[in-house]
Amino acid sequence: METKTLVLGVIGSDVHAVGNKILEIAFREAGFNVVNLGVLVSQKEFVEAALETNADAIMVSSLYGHAEIDVRGLRDLLIEAGIGDILMYIGGYLVVGSQEWSEVEEKFKKLGFDRVYPPSTLPQDVIPTLRADLGL
Amino acid sequence: METKTLVLGVIGSDVHAVGNKILEIAFREAGFNVVNLGVLVSQKEFVEAALETNADAIMVSSLYGHAEIDVRGLRDLLIEAGIGDILMYIGGYLVVGSQEWSEVEEKFKKLGFDRVYPPSTLPQDVIPTLRADLGL
Amino acid sequence: MSIQINHHKLDWQEMADERHEVLAAWVTGQDVDLEEAIAYHRAMPSKLNFAHTLTKAKQAGRTLAQPRAGVAELGAHIELLQYLQNEGEADLLPTTIDSYTRQNRYEEAERGLEESVREGRSLLNGFPAVNHGVDNCRLLVESLSIPVQVRHGTPDARLLAEITLAAGFTAFEGGGISYNIPYAKRVPLEKSIRDWQYVDRLTGYYQEQGITINREPFGPLTGTLVAPCISHSVAVIEAVLAAKQGVKSITLGYGQCGNINQDVAALQTLPLLAEEYLRAEGLEDVEITTVFHQWMGGFPNDEARAFGVIALGGVAAALGKATKVIVKTTHEALGIPTKEANAQGIRATKQVLRMLQDQVYPENPVLAQEREIIMQETRLILDRTLELGDGDWALGAVRAFAAGVIDVPFAPSSFNAGRTMPARDNEGAVRFLSWGNLPFNKEIQDFHRAKLEERGKAENRTPSFQMVIDDIYAIGQGRLIGRPR
Amino acid sequence: MSIQINHHKLDWQEMADERHEVLAAWVTGQDVDLEEAIAYHRAMPSKLNFAHTLTKAKQAGRTLAQPRAGVAELGAHIELLQYLQNEGEADLLPTTIDSYTRQNRYEEAERGLEESVREGRSLLNGFPAVNHGVDNCRLLVESLSIPVQVRHGTPDARLLAEITLAAGFTAFEGGGISYNIPYAKRVPLEKSIRDWQYVDRLTGYYQEQGITINREPFGPLTGTLVAPCISHSVAVIEAVLAAKQGVKSITLGYGQCGNINQDVAALQTLPLLAEEYLRAEGLEDVEITTVFHQWMGGFPNDEARAFGVIALGGVAAALGKATKVIVKTTHEALGIPTKEANAQGIRATKQVLRMLQDQVYPENPVLAQEREIIMQETRLILDRTLELGDGDWALGAVRAFAAGVIDVPFAPSSFNAGRTMPARDNEGAVRFLSWGNLPFNKEIQDFHRAKLEERGKAENRTPSFQMVIDDIYAIGQGRLIGRPR
Ligand code: B12
Ligand code: B12
């Protein structure tokens, strides 16, 4: 079976490292090739890593509430880099405070994400969908 | 100075005794002559005690939520007994559950009470008003 | 009062006339058919049996959570209990009975029920089970997947017991002392004890047919500054009285006083004392479990503060390894809680219970001393009680109350001496400012005196009734000890 | 990295150029006038002084409650803090700084602030104090009647300190290790320690002028299964480093682990260890107080359950006699809390604190053993650290992290070895499944091994990383220990 490559990271000035480590382990155990950029990852680093590793998907985390500001333009950078149609997920505490989830989801879909996950997400909630989206 | 007499009691099938004991002590310390009927007091007992002691006011407690049912007709009994204009207060948890206070107050004023007090009432919140109402 | 009572087992045959009379007191009584009821119980799954669930928890060292709840109308009551089961994650359920039923005023209950149906809100403060009758109660029992208990405060609960046990309830709260002294004014103890012997004998009859019904004396009594020795004495007497009638599953209760050491010590000593006195009567095959009541006195109005009180109750229950805890709600000081508030109280409590379930409150000298005090005080009271009864616990109880040898603070009953005055010591444990006629020896008297002097010194005032009043309001005002400000 | 650091006091005169540079990093820096600031502090009432309030609490044996809170816009932030002061009844206030400021990205903070003003809601997760500048911050300080502290997570907080101290803040959280290892990825410890020596030296300068500013290393680190010996080691090193720069009021922190004995033992040992190592450096006139952080890891979504976690934190803080407790909210797992939720967290906590304030957690052998373990482990780490630093704590800290002698679990920093693996034992205390290079002796190693084997046996599985993952999710899922189901 084909091994798909995921680029993983926590965007912006965000240092929440625990969920990131757990996702890395879980995706690896699920058979993915995981490139974990860790915390404090810039948009540029995401794009470069995806290019370099010929990644199949980008998994963005944001826990600290600034995602809205941090992800703006990321999809455009990917398009510029020629990998505009790469699968991209985001998860975590995406806004400051709590907002209606459907609004949050819509907002981040507009910002270029294929799927948007709330903070209570467990790895096993994502992996089946991810497999399906990657045609596995 | 004149000593006014208060008839005190917890009406109906209600056995909450602690507030009643505290009110007795507080009213006595404030210089009133207190006739405390205790808990489980019927309407008839209130009327009889008021007549016998030539009371100046009746202080009804109800904590357990059935006051609405228990006090109906008490004012009429007092009128029948010829002491229809006696001052009458009620206090405690007057309805089952919590309802808008202004509604509760209005309901019990209609039922013949001159003043209506919520459960968080402390003796010192009542005594000045009582003095004034009794012309002391 | 001419009733002659003693603690011996009632003769089931001789009770026939009395049962007939009891069942005739309200129309629903005629639906009670004991043999059919026993068959009904036999067919019930064991997960619905209260005693069975308690035994499992006791063996696992776990504390179960049980709310209080009851509304007038059947459908609404079922909905309420299902909510507490599913959303509240309760381990055990209650059916709290309304206050008219508690006073055997079934007509007033009927009126309250009718009005409640008409107005679409409960005008009763509980579920009038007698008025609903056997079949309706069975609908309730069958709609739940965990055991359910009758909780009330009824001096004469004979009819209520007949109906609810026949309906498949597997646990029944109350006792001849604990449901009289705090809940009545003029009911003689001879009468209430005898009426509860009826309930216990009925329970014993079920037991003889292999159906275990759990019985639970009401531990907290007036809920207000009741020192452990008082509630423990009542609990042990009611345990002995119940066991004499053939009851085999007994849960003994204690209401949180607020000092963690005292609360843990109280929970640890309660089954020890009960087993000691049961053994002395040759009653060895009774399973004793414990119930801890979260703070039973006045609560803070503020819901956040109330959560603090509730959680602290959960802490003491878990550290004291109570078999179950009766949960309060954040609406306690506001009125009968909504089902949401009730479920929240359970969930907050369960979080605390689970986080502490594997932790052990370490043995230590302060705890040991507290245990020792409770054991000594309770034994002094109980031994004097038995002496007064010439070896009979039922007689002894009546005479002990008359003599003030047992004396419940703030109780409304005229058969309670009301000569003790409890107050908190400088660490918040409940002690005696006056012990009235409690048969304390000099050592114990000195202990209480010293403890309250210590507090007096810290507060720069002489211990007096003002301390008691301050203590009654304290928790509602956000503190444990009513210090002068 | 070419920075040469040591633990000696910085020369104030020699710092002039550096200060100039720091103040030039953002336009608001130019408003800092130290002499004027000192006069401003002198004129402030003592009730606004953080250190003063802590001293009083420590003397009275009371635990104070402090929330976390910060929004972007000044007016809204003032309103928030006033609400927490008046409705929340906070004893101490915070100003939580946003994450851009923490990374010295003042331009992004400016943009976030502007957008927040435009949208009428905070797009920043805190208050960008640098962007607001001295005068605006003073408006804040002056609008409050209790002391306020800067709380953040900034590896290089020099400008933030200059501005907020000049503005009348009297307490400043953070330290060269505790605000680097959990909060940064590529900042060398030499740099952050040096930058925090600047902050401490600045604080020391205020102190020389008679103005006491409280300093507080960040105790909980990553907030996730951090055993006491790790956070205590960092706390003691930062205390020594701060005291060397002339800081006289230091609050040392510890984040709740969840086992009451371990938590109480941690709170009891923290000041003992700090005073021991300060004394060894001849730093005797430093006042050490303690801060307990309610559970810093993942929280339950459900608010009622969260109240349970919060209250249990209050219990440990009170029993451990922490000088203050940092309060969580029921929105912890939902997002930044509303002011109402924040106030509720404080009130629930204060109810618990007050009900326990006069109670003493009794001395006992389990607690004594827990203390002994923490003392031994921490001393092993600290003594090895000092050895690695050839007697210099700053150098020692850098080398200890490089060697994994101090090793914070789950830390994002590349200067942290990341070789330890913590897990709960069978009673929920945090132990080590792997201790990496922590300089534990055989006795301690055996202790941890035995503790985890005991849990493994109870769960019928071999201790492994799955236990760690289970433990991380456990509290959020309603339990302390991540047992298999
Ligand atoms: C531990 C913690 C910290 C630690 C982090 C240590 C570290 N370096 O890792 C410390 C104390 C340092 C910290 C700091 C801060 N924190 Co913090 N922190 C937490 C906390 C309590 C737990 C996070 C955690 O580890 N959870 C456990 C892991 C396993 O879960 P997770 O991180 O949520 O990840 C899971 C899911 O989210 C999901 N997921 C995550 N990413 C992705 C991506 C994809 C594609 C998918 C499919 C799924 C997915 O899967 C993961 C695994 O199950 C949370 C609140 C909570 N959850 O209870 C707050 C929280 C995240 N923090 C918050 C904030 C604001 C901060 C601070 C700004 C300020 C502060 N309060 O002090 C700073 C920010 C520092 C910075 N620059 O980033 C807020 C965010 C608020 C918001 N967005 O509205 C929270 C929610 C707390 C709160 N309610 O205020 N924090
Ligand atoms: C202790 C207590 C009990 C004890 C009573 C022991 C005893 N015999 O005294 C026990 C455990 C036996 C008990 C039983 C019941 N209780 Co109860 N009890 C309480 C509790 C916790 C405290 C009451 C108390 O002593 N407060 C301290 C005293 C000093 O305050 P107080 O009684 O409120 O009195 C003050 C004021 O109300 C005011 N006041 C009172 N009367 C008057 C009159 C006048 C004229 C004025 C001016 C002022 C005034 O001044 C008093 C002094 O400050 C309250 C809840 C709470 N407050 O936290 C529930 C509460 C009163 N009980 C309640 C209920 C429903 C019951 C039960 C029906 C069922 C049950 N839950 O088990 C039974 C009823 C039995 C019966 N037939 O009456 C409900 C009432 C609900 C409602 N009305 O909506 C409450 C509010 C609890 C709840 N939230 O469910 N209870």
Among the listed options Ile260(D), Thr349(D), Ile346(D), the residue most often paired with chain C at heavy-atom distances under 4.5 Å: Ile260(D)
Residues 294-313 of chain D: residues contacting chain C (heavy atom under 4.5 Å, by number): Pro300(D), Asp302(D), Ala304(D), Arg305(D), Phe307(D), Gly308(D), Val309(D), Ala311(D), Leu312(D)
Residue pair Glu427(D), Val360(C): steps toward the side chain to side chain contact (heavy atoms under 4.5 Å, CB included) verdict: CA-CA 8 Å; Glu427(D) 294 195 6; Val360(C) 176; 4.1 Å; yes
Student check: side-chain heavy atoms of Leu367(C) and Pro362(D) closer than 4.5 Å: no
Residues of residues 472-485 of chain C contacting chain D, heavy-atom criterion under 4.5 Å, by residue number: Ile475(C), Gln477(C), Gly478(C), Arg479(C), Leu480(C), Ile481(C), Arg483(C)
Within residues 453-462 of chain D, residues adjacent to chain C where the heavy-atom gap is under 4.5 Å: none
Toward chain D: residues of residues 351-359 of chain C with heavy atoms under 4.5 Å: Gln351(C), Val352(C), Arg354(C), Met355(C), Leu356(C), Asp358(C), Gln359(C)
